[in-house]
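Everything below concerns the one structure shown next.
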Amino acid sequence: FVEVLATTQYPGGSRWPEGNADAVRLMSWVLENPKLRHVKHVLILPADQLYRANFEDLVTYHREQRAIVTVVTHPVQESQVADLGVLRVDPETMEMVDYMEKPRGQREREAFRLHGELSHRLADGAPFLASCGIYVFEKQFLLRLLRENPRAHNFGADVLPLVPEGAKEERQRQGGNLERCREGGGGGGCTEKPDSAMGTGAATAAGTEEKGFPHR
């Protein structure tokens, strides 16, 4: 089922959200509800689009990659870059290692340019990978990121640049929890396996028609 919540439906609130990430922050009480403790992942979608995609496939990809965050991307030309958020990825692991929203200068763009074989493998020959604004977050990581960065109001401009380093720290934290569980025999709150402990930090999923994810 789908439950629609108005932006004013949050406890003790007296202000409007200052961006899409701030809107999720104000609604975090929904995700923190004990009745939803079984929910492990959060899908973020832009509200100004119509979709014809099976997002279950995206969540499955996210879980199979053992990712903390998955960002859906699509290839773009240089003429489009100034209006989009672009990613730099590790060519071996496909982890996002850097992100910039709407790079204007040539020097800023060059850091994200794809060259040669990498361009063909990741972006159908295009020189850049851009975010579609579609993300899957591990729920607790998302809540922690929003809580610890109260001035991060928008996912593109403010949250995604924090993800590469934040995902590394989260992976180390979960890895430490896993080791403590092993040493302690699994008791004391160690019944759940941390899916992302040994997996990628910030994975990317190419937005192709074959995968069913939309281009923008």
Side-chain angles (χ1 to χ4, degrees), residues 17-25 44-49 58 61-62 65 67-138 141-142 144-173 196 199-209 211 213-216:
E18 298 181 47
N20 51 15
D22 195 38
V24 175
R25 179 185 291 108
I44 304 292
L45 301 173
D48 58 349
Q49 297 186 39
L58 175 58
Y61 172 86
H62 172 83
Q65 297 298 311
I68 294 170
V69 182
T70 295
V71 181
V72 178
T73 65
H74 64 128
V76 295
Q77 300 299 323
E78 185 157 8
S79 59
Q80 302 170 277
V81 168
D83 297 319
L84 300 169
V86 292
L87 298 81
R88 185 161 58 90
V89 301
D90 185 310
E92 301 301 324
T93 65
M94 289 296 291
E95 289 185 347
M96 181 177 73
V97 296
D98 200 3
Y99 177 90
M100 179 175 286
E101 186 78 359
K102 301 178 181 178
R104 302 290 182 179
Q106 189 65 31
R107 179 176 295 180
E108 293 176 335
R109 296 179 186 179
E110 284 304 315
F112 296 88
R113 186 182 298 276
L114 301 173
H115 296 279
E117 184 270 338
L118 189 61
S119 171
H120 289 280
R121 179 156 59 93
L122 301 184
D124 297 330
F128 295 95
L129 273 179
S131 168
C132 291
I134 300 172
Y135 323 110
V136 181
F137 279 84
E138 188 177 275
F141 175 70
L142 173 62
R144 185 178 300 111
L145 204 61
L146 294 177
R147 184 171 57 250
E148 294 177 355
N149 299 276
R151 298 177 68 88
H153 296 315
N154 290 286
F155 280 104
D158 306 317
V159 174
L160 284 194
L162 301 172
V163 164
E165 189 61 34
K168 289 180 183 178
E169 295 174 0
E170 181 70 11
R171 193 162 47 182
Q172 292 170 356
R173 181 185 296 112
S196 302
T200 58
T204 57
T208 63
E209 294 298 330
K211 284 185 177 291
F213 306 140
H215 287 284
R216 261 171 69 172

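Note: hydrogens, waters and symmetry copies are ignored here, and every other heavy atom, side chains too, is used.
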message = I'd like to know if Arg113 pairs up with Glu108 as an ion pair, taking the criterion as any Lys NZ or Arg NE/NH1/NH2 lying under 4.0 Å from an Asp or Glu carboxylate oxygen.
response =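 Answer for the salt bridge query: no.
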query = Is the count of non-hydrogen atoms from other residues, nucleotides or ligands lying under 6.0 Å from Arg147 atom CZ greater than 12?
reply =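 Buried by this count: over 12 neighbours within 6.0 Å.
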Quick one: does [X]'s side chain have a donor or acceptor within less than 3.5 Å of a partner on [Y]'s backbone?
X: Arg25; Y: His153; value: no
X: His74; Y: Cys132; value: no
X: Arg88; Y: Val97; value: no
X: Asp90; Y: Thr93; value: yes
X: Thr73; Y: Leu129; value: no
X: Gln80; Y: Gln77; value: yes
X: Asn20; Y: Phe155; value: yes

key: Smallest separation among heavy atoms of Ala126 and Val76, with atom names   =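 Taking Ala126 first and Val76 second, the nearest heavy atoms are CB-O, 3.5 Å.
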inquiry  = Looking at every non-hydrogen atom in both residues, tell me the closest pair between Pro103 and Leu84 and how far apart they are.
reply    =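 Scanning both residues, the minimum pair turns out to be CD-O, 3.6 Å.
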query = Stepwise, does the salt bridge (Lys or Arg N to Asp or Glu O under 4.0 Å) test hold for Arg171 with Glu95?
reply = CA-CA 13 Å; Arg171 193 162 47 182; Glu95 289 185 347; 2.9 Å; yes
task = Supply the atom-to-atom distance Asn149 CG to Arg151 CZ, rounded to the nearest 0.5 angstrom.
result =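 Taking CG in Asn149 and CZ in Arg151, the distance rounds to 11.0 Å.
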query = Taking atom CE of Met94 and atom CD of Gln65, what is their separation to the nearest 0.5 Å?
reply =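 If I round to the nearest 0.5 Å, the distance is 8.5 Å.
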Under the ring pair (Phe, Tyr, Trp, His ring centres under 6.0 Å) test, residues paired with Phe128 that sit two or more places apart =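 Not a single residue meets the ring pair (Phe, Tyr, Trp, His ring centres under 6.0 Å) criterion with Phe128.
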query = Which one of Pro91, Pro75, Ser119 satisfies the side-chain contact (heavy atoms from CB on, under 4.5 Å) criterion with Leu114?
reply =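 Of the listed options, the one satisfying the test is Ser119.
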request  = Evaluate the ring planes of Phe141 and Phe137, with Trp represented by its six-membered ring, and classify them as parallel (under 30°), tilted (30 to 60°) or perpendicular (over 60°).
outcome  =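 Correct class here is parallel.
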Can you find a heavy atom in the side chain of [X] that is under 4.5 Å from one in the side chain of [Y]?
X: Val163; Y: Met96; value: yes
X: Ile134; Y: Leu58; value: yes
X: Val159; Y: Leu145; value: yes

